[in-house]
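Data block below; observations after.
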Amino acid sequence: MGFRFRRSFRALPGLKVNVSKSGVSESIGRRGAWFTIGSRGTRSMVGLPGTGLSFSEPHRGGIGEVGWIFLLLVVVAVLAFVFVA
């Protein structure tokens, strides 16, 4: 029997960091519309809040160089926020 692990926390308004056993990803957006960058690629999600209806679409090409730079900047910002506060 396998196990699952997932933890999500808000780094800044509109920016969530998601940690799971398969890796780390960042989600940018607000309620109803999110853009996620992670080790398995990028994905857009649009939904109707409160209804449970949503549409999610992966984007081709994977994370790419820009995604890794963004990931590094987010990690540095989160660490700075945690250790300075």
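The residues of the chain are indexed from 1 along the displayed sequence.
Across G32 and P49, no two heavy atoms sit closer than the pair CA-CG, 4.1 Å. The heavy-atom pair separating S25 from G38 by the smallest distance is CB-CA, 3.7 Å.
We find the CZ-CG distance between R30 and L15 to be 14.5 Å, quoted to the nearest 0.5 Å. In this structure, CE in M45 is found 7.0 Å from OG in S56, a value given to the nearest 0.5 Å. Separation of atoms CZ (R43) and CD (E57) is listed at 9.0 Å; rounding is to 0.5 Å.
L12 is connected to V17 through a chain of hydrophobic side-chain contacts under 4.5 Å among Ile, Leu, Val, Met, Phe, Trp and Tyr, so both are in one cluster. Cluster annotation: I28 and V24 are assigned to the same hydrophobic cluster (Ile/Leu/Val/Met/Phe/Trp/Tyr, side-chain heavy-atom contacts under 4.5 Å, transitive). Placement of F9 and W34 in two distinct hydrophobic clusters is found when ILVMFWY residues are connected by side-chain heavy-atom separations under 4.5 Å, directly or transitively.
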